[in-house]
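The sequence lines fix the lettering, A, B, ..., with proteins before strands; numbering per chain opens at 1. These numbers come from a predicted model, not from an experiment.
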Amino acid sequence: MWVLQIPQFVRHVPSQSHLCYTSHVSSRVPVSFVSLNPSANLINDINSNNNQLIQSLCKGGNLKQALHLLCCEPNPTQQTFEHLIYSCAQKNSLSYGLDVHRCLVDSGFDQDPFLATKLINMYYELGSIDRARKVFDETRERTIYVWNALFRALAMVGHGKELLDLYIQMNWIGTPSDRFTYTYVLKACVVSELSVCPLRKGKEIHAHILRHGYEANIHVMTTLLDVYAKFGSVSYANSVFCAMPTKNFVSWSAMIACFAKNEMPMKALELFQLMMFEACNSVPNSVTMVNVLQACAGLAALEQGKLIHGYILRRQLDSILPVLNALITMYGRCGEILMGQRVFDNMKKRDVVSWNSLISIYGMHGFGKKAIQIFENMIHQGVSPSYISFITVLGACSHAGLVEEGKILFESMLSKYRIHPGMEHYACMVDLLGRANRLGEAIKLIEDMHFEPGPTVWGSLLGSCRIHCNVELAERASTVLFELEPRNAGNYVLLADIYAEAKLWSEAKSVMKLLEARGLQKLPGCSWIEVKRKVYSFVSVDEHNPQIEEIHALLVKLSNEMKAQGYVPQTNVVLYDLDEEEKERIVLGHSEKLAVAFGLINTAKGETIRIRKNLRLCEDCHAVTKFISKFANREILVRDVNRFHHFRDGVCSCGDYW
DNA sequence: TTAGGGTTAG
């Protein structure tokens, strides 16, 4: 006869052992291998059988029964608890996890560092970081596994400062770090809210790594590379990459990502080519492809992007969500909105990022209503909008001047979707109102913000002041901006632009002097064009292109044609009080016009010209490109720093609202 | 026992 017998098997269980048997589980266990009056050997066999049964129940996912059985098992083993802890995390059950933890304490395993490690992992996975920390605090023998488990948890939830404080403590008591410790500590630098400069902290950890001989560890060094990349220290990242004795596809991908994300997309593509030709053991995977697609998007290099798309198809990486999402963005940012839509339509599975990507590309192209329609469709399909969804859709409203629609969406964020508007959303709203010349409403919104407005918000206001030439408000915005980000040259240039537009030449001059005095430089205008899979770059008044004379001659010819039709060069964009002829010469040499002329010369008749520019398109370039699109009967696509302009037959898709 | 690079905005 098989019956439940508990007390007679309780041997070593600590004083609170009764707790073990008064857990939330039922006191009646349906199945047990425990028999009446067994011999000592039999008891051992039975215990072993029970432990094995608990473990197999865990493996089978039957956690409830495993817990039932644990309640009548007087000698649970370390392995049994390991299985139970693992199952609780797998089942995502905090209440079972707490039960297992309670039984573990009752069984005297609470000071077992192996199980403490597992408990910390479990609590992290169950989202209870405080309990993970408590386990750590209560564990007296802290092996490196125990430290690393907590470090991992803290790094993953973004508690960088706590992690780094503990790391100091660990060093102080003399526990040596291992290769895993360094990866977590490095990650903490990125996610920390440190009082000291996090990059400096990263360099300190770099020194620790070198001192302790981990410079050859591929994981540690790739993480270090990535830390430098995330701080925008491309040269440091590159030095780490070059110094790595062995590299694999992860290290190559991390360096490609570093270039792609730090506005060096050309370098990213060059490195990818090198990886393909030189690093035979480093086959790119889906992550590499995402990074490369980002680089193509950054360059607006459609032909390269298409080649990468082909490679993705050949390698059968086209079912991976981030790859497809990156493809949507790549096509959109290269001006091929319909190709982006096609990728989206053919996706078997979509996530919120896929929807955001599509909303974003329509918004960037000025199709605000379509972007809102996609946003609504997403909600209709049961996908909850994210924080970023609202940035994209509000941005779309801004590009299209959809003020009322934007205001309704902004209001709905909290009331309908329980998303608190953040800095980026306020920046979008200020941009939306400001562009629409509702500067009073924009400033009111800033004044009513329930947190301190940051540089993005004031920057949006200053940008709007530039469009509507509002000197007074521009001075107010720039006073704050010079305080918040004194090293951002763009703000000085914007204010000088506004003064120049208002013909306040001495004020414009003093702002530019201030810029120089602070050791800053105006970001030179630069435009890129891809012709026959090669990307050409132009800076203003460029003299280096071998075809420069031909380009100039064409521009002068076009300018004369335009003048004959009433065009007057808009030289007010020139910041200095020069004579009109000189100003005209400068404006005619703007990088974007040089790139358009180069495109006209080097592409076939009827072929679309695609340009990318690093700044906002100036009024004169906009007017000239409109004319060229009609005169030369060419479709011209220009992506400036904010959005797309489709020039066709003398008209721009932005409706002159940008 | 634990680890590195990824998609959307501005």
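Judged by distance alone, with hydrogens and angles left aside, A/Asn217 brings no side-chain donor or acceptor close enough to the base of B/dG4 to form a pair under 3.5 Å. Scanning atom types as modelled, no donor and acceptor separated by under 3.5 angstrom connect the side chain of A/Asn642 and the base of B/dG10. Taking 3.5 Å as the limit, the base of B/dG4 and the side chain of A/Thr223 contain no donor-acceptor pair of atoms between them.
Counting any heavy atom pair closer than 4.0 Å across all strands shown, A/Thr392 reaches sugar-phosphate atoms only and no base atom. The residue A/Leu327 sits apart from the nucleic acid: no heavy atom pair falls under 4.0 Å. Among the atoms of the strands shown, none is found under 4.0 Å from any heavy atom of A/Ser389. A/Asn285 comes within contact range of at least one nucleobase, with a heavy-atom separation under 4.0 Å. Residue contacts for A/Ser286: at a heavy-atom cut-off of 4.0 Å it reaches a base atom on one of the strands shown. Within 4.0 Å (heavy atoms only), A/Phe249 reaches at least one base atom of the nucleic acid. Base engagement by A/Asp178 is indicated by at least one non-hydrogen atom pair under 4.0 Å involving a base atom.
Checking B/dG4, B/dT2, B/dA9 against the side-chain heavy atoms of A/Tyr145 singles out B/dT2 as nearest.
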Using a 3.5 Å cut-off and no angle test, enumerate the donor-acceptor pairs between side-chain atoms of residues 324-333 of chain A and protein atoms at least two apart in sequence or in another chain.
| from | atom 1 | to | atom 2 | distance (Å) |
| --- | --- | --- | --- | --- |
| A/Asn325 | OD1 | A/Ser354 | OG | 2.8 |
| A/Asn325 | ND2 | A/Leu321 | O | 3.4 |
| A/Asn325 | ND2 | A/Asp351 | OD1 | 3.3 |
| A/Thr329 | OG1 | A/Asn325 | O | 3.2 |
| A/Tyr331 | OH | A/His309 | ND1 | 2.7 |

Derivation of the side-chain hydrogen bond (donor to acceptor under 3.5 Å, both in side chains) call for A/Tyr182 and A/His219: CA-CA 9 Å; A/Tyr182 286 119; A/His219 285 93; over 6 Å; no
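With A/Val393 as reference, A/Ile372 is the one residue of A/Leu402, A/Ile372, A/Asn356 to meet the side chain to side chain contact (heavy atoms under 4.5 Å, CB included) rule.
Side-chain atoms of A/His159 do not come within 3.5 Å of backbone N or O of A/Ala155 as any donor-acceptor pair.
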